[in-house]
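Here is the structure we will look at, set down as C-alpha cells.
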Amino acid sequence: MLEQLEVILREALDALSSVNNPDSLRAWDSKFLGKKGLVTEMVRSVGQMPKEERAAFGKRANEVKVALTDAFAEREALVAARRLAQDLEEGEIDVTLPGRPTEAGGLHPSTQTLRQFYDIWGDMGFQVYRSREVEDDDTNFTLLNFPPHHPARDMQDTFYTTTPNVILRTHTSPGQIHAMRNLGNGGTQPIRVILPGMVYRFEQITARSEVQFHQVEGLAVGRNITMTDLKGTIAAFARRVYGENARVRFRASYFPFTEPSMEVDVECFLCGGKGCRVCKYSGWIEIAGSGMVHPTVLQNGGYDPAEWSGFAFGMGPERMTMNKHGINDIRYFWGNDLRFLEQF
Ligand code: DAH
C-alpha cells in the first residue's frame, strides 16, 4: 500500500507539470484530490488496514495529500500568472489613442422652460406647489365654479377613469383648491404659489393640440390683492422671459374661476409687433389666461372673500417654447426624436 501511495505521488506530480489551463487544473484536482480522487481513496482506506500498519501509512498518506495540495496551489498560481501575461500581450492597447467622447444628455426643452419659470417666479416669492394629476371631478370643475353643464365637462375634453368621479386633470387650476386648503391654514394665511405639471385632454392629436401638455398655474391670495398686482406681476414676468422692453396687453375674457378674467398677450418678440407668421400677423402672442380669483373659489379654498382676494394665471410652457423657437408642431415634444431634442 505504501508503495502504491508513492506511485500515485509521482504520477500526480508528473501530471501536474504539464497542466496548463484552468480546465486541466480542475481535471487534475478531481482525479487526485477530489472526493473520489486517488489520494482521497487511499486516505480513506486506512480503516481497512491491519492495525499495526495504520499509523505509518496514515502519516505518509497525509504528507502526500499536503504535498499535492501545495503543489496544486503553486501550479494554479503559475497558470494564472501565465494567463495574465498572455492577456496583457494579446490585448495590448495603445494608450496614446485619443479617447472616445461620451454623449452628454441634455434637458428636454419643456424642462428648460419650466426651470426658467421656477427661477423667475421664485424670485418673485412664488413657491412651487405640486398638485396631483389624477383628480376628482369636483376639484377639477365644481369647486372651480364650473356650472353643471359647462362644455368643458364634456367627454370630448376629459379623460375619465373607470372609477366614478376620478379623472385626469384637464388643467392645473384644481391645484388652486389644494394649495389654498393645504397652505392657507383655514383661510388665515396669504399664499403665493405656482403649480406646474402635466394636464390631459381627450382630444384629437394634431400639430396644434396634444392629449398631454404642461401648464404652470399661478395663485396669489392676500388681504389687499388687486388687479394692479396681477398686471404688474405678469408684466414683470414677461420682461424676464422676453426682455426688458417686452410689452404686454390684457384682453377681457371669461373663465368660470376668475372674475374678471383676462387673456394676456405679449408683443410679438419675433417681428416686434409688425406682424409675422408666428403672431398670425396680429403683432401679439397669447401667453396666459388670468384673472381675479372668483369669490366662490376663494370660499372653496377656505377663505372669506369679504376679507381676502387673489389673482391667478395659467400658462402653457410648450406653447411658449414653440413660439420662442419657431416650432410648428407640438407633437415633437413627446416624440422622443433625438434630432429634435438635440437642438436644445
Ligand atoms: N385653467 C385654464 C385653462 O386650462 C387656464 C387659466 C386661465 C388658469 C385663467 C388660470 C386663470 O388660473 O386665472 O385653460
Side-chain angles (χ1 to χ4, degrees), residues 117-133 135-150 152-153 165 169-197 199 215-240 248-265 287-316:
F117 285 15
Y118 301 160
D119 283 347
I120 297 172
W121 289 115
D123 287 348
M124 290 198 267
F126 286 75
Q127 123 189 44
V128 171
Y129 186 87
R130 300 261 169 207
S131 185
R132 64 194 68 168
E133 291 179 22
E135 264 297 354
D136 54 75
D137 187 274
D138 257 7
T139 317
N140 195 80
F141 295 123
T142 317
L143 295 174
L144 290 172
N145 199 36
F146 277 78
H149 301 292
H150 195 279
R153 284 168 177 254
N165 296 320
R169 66 178 174 189
T170 58
H171 53 171
T172 44
S173 302
Q176 290 189 28
I177 300 292
H178 295 297
M180 284 190 280
R181 288 182 175 179
N182 293 328
L183 303 177
N185 199 18
T188 61
Q189 296 292 320
I191 59 174
R192 238 183 302 176
V193 289
I194 55 166
L195 307 130
V199 301
Q215 282 190 343
V216 176
E217 190 88 8
L219 173 69
V221 177
R223 283 188 187 273
N224 291 303
I225 292 185
T226 65
M227 199 140 99
T228 314
D229 297 311
L230 167 60
K231 290 171 82 173
T233 308
I234 298 256
F237 171 81
R239 282 195 295 273
R240 286 281 300 271
V248 289
R249 74 174 184 190
F250 294 80
R251 276 181 291 116
S253 184
Y254 171 78
F255 300 103
F257 37 89
T258 43
E259 182 57 38
S261 303
M262 297 171 294
E263 252 147 354
V264 186
D265 297 337
I287 58 165
S290 70
M292 300 307 290
V293 182
H294 195 288
T296 303
V297 175
L298 280 173
Q299 209 151 28
N300 291 337
Y303 289 91
D304 176 0
E307 273 188 50
W308 297 83
S309 58
F311 66 74
F313 56 84
M315 307 183 159

Is it true that H171 and F257 have ring centroids separated by less than 6.0 Å?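 Yes; F257 has its ring centre under 6.0 Å from that of H171.
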Which pair of non-hydrogen atoms, one from [X] and one from [Y], has the smallest distance, and what is that distance?
{"X": "L219", "Y": "V293", "answer": "CD1-CG2, 3.6 Å"}
{"X": "V193", "Y": "F126", "answer": "O-CD2, 3.4 Å"}
{"X": "V248", "Y": "A238", "answer": "CG1-CB, 3.5 Å"}
{"X": "P256", "Y": "H150", "answer": "CG-NE2, 3.9 Å"}
{"X": "M292", "Y": "I225", "answer": "CE-O, 3.7 Å"}
{"X": "A312", "Y": "L230", "answer": "O-CD1, 4.2 Å"}

Test H178 against Y129 for side chain to side chain contact (heavy atoms under 4.5 Å, CB included), laying out the working first. CA-CA 9 Å; H178 295 297; Y129 186 87; 4.1 Å; yes
Look only at the side chain of [X] and the backbone of [Y], and say whether a donor-acceptor pair between them is shorter than 3.5 Å.
{"X": "E135", "Y": "N140", "result": "no"}
{"X": "S261", "Y": "G291", "result": "no"}
{"X": "D136", "Y": "T139", "result": "yes"}
{"X": "E217", "Y": "S173", "result": "yes"}

Can you list the steps and then say if T228 with F311 is a side chain to side chain contact (heavy atoms under 4.5 Å, CB included)? CA-CA 10 Å; T228 314; F311 66 74; over 6 Å; no
With sequence neighbours excluded, residues passing side-chain contact (heavy atoms from CB on, under 4.5 Å) with R239: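 Counting only residues at least two positions away or on another chain, R239 forms a side-chain contact (heavy atoms from CB on, under 4.5 Å) with A235, A236, E244.
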Could you tell me whether the side chain of [Y] reaches within less than 4.5 Å of the side chain of [X], counting heavy atoms only?
{"X": "S131", "Y": "R169", "value": "yes"}
{"X": "M124", "Y": "R240", "value": "no"}
{"X": "R223", "Y": "W308", "value": "yes"}
{"X": "M180", "Y": "N300", "value": "no"}
{"X": "T226", "Y": "D229", "value": "yes"}
{"X": "I234", "Y": "F250", "value": "yes"}
{"X": "Y118", "Y": "P196", "value": "yes"}
{"X": "L143", "Y": "R181", "value": "yes"}

N145 and T258: side chain to side chain contact (heavy atoms under 4.5 Å, CB included), yes or no, with the steps? CA-CA 9 Å; N145 199 36; T258 43; over 6 Å; no
Test side chain to side chain contact (heavy atoms under 4.5 Å, CB included) on F313 and V264 and set out the steps. CA-CA 9 Å; F313 56 84; V264 186; over 6 Å; no
Which distance, rounded to the nearest 0.5 Å, do you find between the CD of E259 and the OH of Y254? 8.0 Å
Working to the nearest 0.5 Å, report the span between CE of M315 and CZ of F237. 4.0 Å
Hey, is R153 close enough to D137 for a salt bridge, meaning N to O under 4.0 Å? yes
Any donor-acceptor pair under 3.5 Å linking the side-chain atoms of D138 with those of T142?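 Judged by distance alone, the side chains do pair up.
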Are more than 12 heavy atoms from other residues, nucleotides or ligands located less than 6.0 Å from atom CG of D119?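 It does: D119 CG has more than 12 such atoms within range.
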